[in-house]
2 protein chains.
Amino acid sequence: MRGERGKRARSTILDVARLARVHPSTVSRILNDRPGLTLRPETRARVLAISKRLDYRPSALARSLRLQRTLTLGMLVPDIANAFLAGIIKGAEEACHERGYTLIVCNTADVPEREATYLRVLRERQVDGVLVASARLSDESIGSLLAERFPVALVNRGTHVDRGTRGNDDLWVHVDDRGGAVAAIDHLAALGHRRIAHVAGPQTTTTGRERLVGTRAALRRHGLTGTIVEAEAWSEVEGYRAARQLLRGDPPSAIFAANDLIAFGVLRAAREAGLDVPEDVALVGFNDIPEAALVDLSTVHVPQHEMGARAAELLIARAEGRPIAEPRILLETRLVARGSSAPAKERVTA
Amino acid sequence: MRGERGKRARSTILDVARLARVHPSTVSRILNDRPGLTLRPETRARVLAISKRLDYRPSALARSLRLQRTLTLGMLVPDIANAFLAGIIKGAEEACHERGYTLIVCNTADVPEREATYLRVLRERQVDGVLVASARLSDESIGSLLAERFPVALVNRGTHVDRGTRGNDDLWVHVDDRGGAVAAIDHLAALGHRRIAHVAGPQTTTTGRERLVGTRAALRRHGLTGTIVEAEAWSEVEGYRAARQLLRGDPPSAIFAANDLIAFGVLRAAREAGLDVPEDVALVGFNDIPEAALVDLSTVHVPQHEMGARAAELLIARAEGRPIAEPRILLETRLVARGSSAPAKERVTA
DNA sequence: CGCATTCGGGAAATCGTTTGCCCGAAGTCG
DNA sequence: CGACTTCGGGCAAACGATTTCCCGAATGCG
């Protein structure tokens, strides 16, 4: 209509005010439903009508600038394509969305430089908080955030931050890795397995360490020793590599892999070695990513969606200054027995 | 130091200006390296030093408000956990990051209501453009965007938008679905297969339709008829369901699945039916997601990363008002022959 | 030496909201 | 009937940058 090129800019609160013959502040109050203000219903209706007619949408930018909060959370993840992390991201995103927050997911690829860059970007954008799922985000970056009292929540990430940083009220959501490992070993032991191996995750991560600790404890309790090999990364490829090493000699009758991806690698290695799963070797993974169900892999279930959601909720509460009853959430795991773990064959040791 | 609670707010450009004894505008000019301005090196150095000392970071909010651009792109995807889309997202994210842009990924779960909500959020945040990878985003939502000349780029998404919307210069990045399907069929035919089936993708998506068209054409060219069943979604589960239907009678000697997830379903169904892949039935997928390599699935490679990156580049160019030589990019596919496709067995028809 | 440039940078408007304060009119109360 | 509240809403100052003018001083030129 106005301006031949259809270049009508988005309408602002001033446009609405002008047409409704009120002051912009009045429009703001009406639209935000400010309590404690008395408005004539007629005025309110008029403003509402005009604002609808103009399809007025307040600028989040201007509002954020004024309010000093952006209703935005940042999230640092090492790999968005990782199915386990994707579950967590979805949980976080959903929780954010429900509360009117927007989530900015940053893919750090586990390289410290990118982490630092992203952290800078997020702070320039004044996000209200940061969700950290990066397994080994450099402690200094995170420490400086914590030191500035910048809202941070750690998801599925180790505890090695809280040295000097009065760490008592940082936000954590993680899962009982140790308990999950114990459950896995118990499960295999209950099936009659005595020669159980563990393909551990990278010992640079707390998750990897915790699962190993649980495994060792459970094995000991069952009076077993067990072989342990370490995968250098949480990947199928590394699992495969580690498993080949494991299957060289006389193979164990059961293998507990530190996560599902590693388990997939084990599976591939076993098949290549001519071993049938579960006939010749039982296999249990960890995390219960969607693919696990597809290949019928027994695994320790981790509530990924819930982890993400709870972490986001925690962070939002903190960002909004609400008191937090339980800043550290430890979620329970649950063993999901599928086809990859069968009872041990009767024949005694080789 | 100042303020016992360490509550020092982030320093602003005014703080820098004050300490450097210059006007804020000068600080801005120096930090943004505005050309055509003459500054005494001494002043510049002083400002730079102060700004470093104060660890000054300009507020992206304030700048965006003033500049009327946010250096932010939105992206609508149906499922962030889908490996294929994850590849595209990573490509887009990386391209954005390289150019100083931030990407906000929104998970629409393919429900129109969420799409609409997210679109509103993104516009309120004044993102500079939107990347749409949602396979069937309601045309009206998208149409209204296009009508307002809001920068939009379509990734791996059909063309059925450009009816009334002068669609000549919208941005597209997609892949030669038809050609890929032809390559898959050619591959199977070259291996000697004559009884080839196709598990088609949802025909509500252009991708699904295009791949079917290519398949039909190639089959015809080889003088084959071929069985066709349709999966109702791009999922393993639907692929499984469709494949069971397919394997009931006398099974084909080769199956071309419309994407890798569907192929995985086919694989499971075949195994359950006691058929060996590739011995009894050859299998080819589409997309070449990372998992395909793991299970040794032959597939049609789609440059996911490049798709995302190119789309983001296109969109950024448009958002910045740069002329775009080629607004529609069609990327080529490439057949990756792996273990799941073997030559047909010699015995003639059943 | 007078005038015009160039140098080096200051002033102020602007982006679009929100909110504390203020104020006139109308109603209430004593 | 006058003082005091309550109504209904206007005013203007932020929020933190960028950018278009503008201007005094120093320099160059003739």
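Each chain gets a letter, A, B and so on, in the order the sequences are listed, and its residues count up from 1.
- With rounding to the nearest 0.5 angstrom, the CD1 atom of A:Ile329 is 7.5 Å from the CD atom of A:Glu313.
- Rounded to whole Å, atom P of D:dG8 lies 11 Å from atom CD of A:Glu42.
- Partners of A:Arg310 by salt bridge (charged side-chain N to carboxylate O under 4.0 Å, His left out), not counting sequence neighbours, listed by chain and number: A:Glu306.
- Between the CG atom of A:Leu54 and the P atom of C:dG16 there is a distance of 14 Å, given to the nearest Å.
- Considering only side-chain atoms of A:Thr12, the nucleotide from C:dT17, D:dG8, D:dG16 that sits closest is C:dT17.
- Side-chain atoms of B:Val155 and B:His174, non-hydrogen and from C-beta on, never get closer than 4.5 Å to each other.
- Among the protein residues, B:Leu61 comes within range of no part of the nucleic acid, since none of its heavy atoms lies under 4.0 Å from any strand.
- Applying the salt bridge (charged side-chain N to carboxylate O under 4.0 Å, His left out) criterion to B:Arg120, with sequence neighbours excluded, gives B:Glu124.
- Residues B:Thr72 and B:Asp128 form no side-chain contact, since every pair of their non-hydrogen atoms from C-beta on lies 4.5 Å or further apart.
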Mark up nucleotides 18-25 of chain D, 5' to 3', with B wherever a protein heavy atom is under 4.0 angstrom from a base atom, S wherever such an atom reaches only the sugar-phosphate, and - elsewhere.
-> BBB-----
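- Taking atom CG of A:Leu65 as the reference point, atom P of C:dT19 lies 13 Å away to the nearest angstrom.
- In this structure, B:Arg99 places its CZ atom where more than 12 heavy-atom neighbours from other residues, nucleotides or ligands lie under 6.0 Å away.
- Among the nucleotides C:dC7, D:dC15, D:dG9, the one closest to the side chain of B:Thr38 is C:dC7.
- Of the side-chain N and O atoms in B:Gln68, one or more sit less than 4.0 angstrom from OP1 or OP2 of C:dG16.
- Within 4.0 Å (heavy atoms only), B:Arg57 reaches sugar-phosphate atoms of the nucleic acid but no base atom.
- Distance B:Glu124 CD to C:dT17 P: 10 Å, rounded to the nearest Å.
- The distance between atom CZ of B:Arg40 and atom P of D:dA26, rounded to the nearest whole Å, is 11 Å.
- Rounded to whole Å, the distance from CG on B:Leu39 to P on C:dC7 is 12 Å.
- Within the nucleic acid shown, A:Ser64 has no heavy atom closer than 4.0 Å to any nucleic acid atom.
- Under the 4.0 Å criterion applied to side-chain N and carboxylate O atoms, B:Asp55 and B:Arg53 are not assigned as salt-bridge partners.
- Residue A:Thr43 has a polar side-chain atom (N or O) positioned under 4.0 Å from OP1 or OP2 of D:dG9.
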